[in-house]
There are 2 protein chains.
Amino acid sequence: MRRERTGLMTVDQGAGRPAEEGARGRFERIYQTLRMRICLLDYAPGSRLREEDLAEEFRVSRTPVRRVLVKLEAEGLLRSVHGVGTIVTDIEVDALAQVYELRVELAELVGKLSPTPVDAALIARFREIRARCDEMVHEGDPRTFSRINMDFFHLFNSLTTNAPLREISERLYYQTARIWLKAASRLKNFEELIHTEFTTFQREVTDITEAVEHGDLAAAGHVRRAHIAMSFSRIRKASKAGGPGGADAD
Amino acid sequence: MRRERTGLMTVDQGAGRPAEEGARGRFERIYQTLRMRICLLDYAPGSRLREEDLAEEFRVSRTPVRRVLVKLEAEGLLRSVHGVGTIVTDIEVDALAQVYELRVELAELVGKLSPTPVDAALIARFREIRARCDEMVHEGDPRTFSRINMDFFHLFNSLTTNAPLREISERLYYQTARIWLKAASRLKNFEELIHTEFTTFQREVTDITEAVEHGDLAAAGHVRRAHIAMSFSRIRKASKAGGPGGADAD
DNA sequence: CAGCATGATGTTGTGCACAACATAAGAAGC
DNA sequence: GCTTCTTATGTTGTGCACAACATCATGCTG
């Protein structure tokens, strides 16, 4: 199938910035999409990604796809092996202990370093997330939980203007974002535990929102820190209880 | 040589096998070389790197070179603009304030999180750096200072076993490594200031070496933290004094 | 002579074909 | 029947040619 040059170019993202973001726009779009799929376990850990399939899906050649895969590999989410394939990184709770150990500290730094001035719009966004959170508690869906958790992370991360800190926190977050869904998928029958996770997260969002309302970003950081640590502790416990031998062969 | 089926892991990243290394070896070699050149100001900030030249130098095509450039761009050391070229990121003291703000905190974390067990070999490496430091003080050379500083960073970074922390610290370090050389190149005539920098760094190495000898990695982290902060403070002051209008047009 | 349009030139981004590599299947030998 | 070598197949890595894009020079026009 031959692709029209002038015709397909405009289809990209007309509402945004068509002229400024030509090639870079495609790159970001593919990158964000693949990262989301990996973190939402649409691509299971250990599964192979074929560059040609991705190229066909995004209507581009293998070359730009490979650029994205290289970046994703640098982020630690993929691993390309010559002659084998590009496989999604497998995640282990013990290996993520170091990442969490660092995320805990960075969360506190977000509330401490170069704080963002709190305005009404920022508070409104926090309250919006909290509302979505309340709604989620009634309808237990691990996937929507992950999405809200993701949005909340970005919002919390915007509490600091320190660009490197934000970038690093984001990177580490996406390295650990999958572990909750993975653990939840194993404990799917235990609705009770998942509900506990939901309400716990709801409390975290509520507390942090309140702290932001009071303009106390340091307190928000401390709350976030404590919740990240406890969340990992619960995941670790559930992982040991659920049995390490997960029957997830490719 | 037949390879076991169960052993999926190949040579991976064997340290010290230059000739037999496959694609990944070339990649690492080119990456390390370019990064070193950027941080040693062999490639001045703002200068353009032509992919074809690099391809010819490393005896490869443009394709693997572009892989390296993409990673370097992700690290923040390069910036590729379509139709213009791949230019070395310009560094400004004010923009690096956030990076230093974070590096200061991470330095303390290196001495706090997952400390490496201190053995005789580790102490010996610190003493070796200290010896090179003493030698450097007698022969003032900003370039060798940067190299020793680089080696010392890697050594200090090895005080923690937290892999993400090490990786992030390394990344941030290389983002800031150039600023000292850049500032020093402007104040080249002020030999006295540079000598002060040398002796200050010598004290830092001495103090941290002593702390490591005592097995007090937390103290090493605190010393490191203080010195990073003071170093940036001096650079900032020198930058303002030397005049922000650096006549370094390409 | 100033200002602007237009082409020339050089760069990165993309597409495509082939090489390098690893694995899996199949056949030969014991 | 089992092992082992060979072959087939599929994947990523590389090389090369062209397109997209930006800048600069040049000529035209006012």
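Order of the sequence lines fixes the chain letters, A, B, ..., with proteins taken first and strands second; residue numbering starts at 1 for each chain. It should be emphasised that the depicted structure is a prediction, and the values quoted were computed from it without experimental measurement.
Distance, A:Glu51 CD to C:dA20 P: 18 Å, rounded to whole Å. Protein atom CZ of A:Arg26 is 7 Å distant from nucleotide atom P of C:dG15, rounded to whole Å. One can place CG of B:Leu49 at 15 Å from C1' of C:dG10, the figure rounded to the nearest angstrom. One atom, CG of B:Asp53, and another, C1' of C:dT12, lie 14 Å apart when rounded to the nearest Å. We find that CZ of A:Phe58 is positioned 18 Å from C1' of C:dG15, with the value rounded to whole Å. Regarding A:Glu52, its CD atom lies at a distance of 8 Å from the P atom of D:dT11, rounded to whole Å.
Residues from residues 62-72 of chain B placing a heavy atom under 4.0 Å of any atom in DNA chain C, listed by number, are B:Arg62, B:Arg66.
A salt bridge links A:Asp42 with A:Arg143: the closest approach of a Lys/Arg side-chain nitrogen to an acidic carboxylate oxygen falls below 4.0 angstrom. Here B:Lys182 pairs with B:Asp90 in a salt bridge; the nearest charged N to carboxylate O distance falls below 4.0 Å.
Residues that satisfy the salt bridge (Lys or Arg N to Asp or Glu O under 4.0 Å) test with B:Arg79, not counting sequence neighbours, are absent from this structure. Every residue meeting the ring pair (Phe, Tyr, Trp, His ring centres under 6.0 Å) condition with A:Phe201, not counting sequence neighbours, appears here in chain and number order: A:Phe145, A:Phe152.
Between B:Thr86 and A:His82, the residue anchored nearer the 5' end of DNA chain C, judged by the nucleotide with its closest heavy atom, is B:Thr86.
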Under the side-chain contact (heavy atoms from CB on, under 4.5 Å) rule, what do A:His154 and A:Tyr173 come out as? Steps first, then yes or no, please. CA-CA 10 Å; A:His154 284 290; A:Tyr173 170 79; 5.7 Å; no
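In this structure, of C:dC21, C:dC16, D:dT14, it is C:dC16 that holds the atom nearest to the side chain of A:Ser61.
At C:dT11, none of the side-chain N or O atoms of B:Arg48 fall inside 4.0 Å of OP1 or OP2 (strictly under the cut-off).
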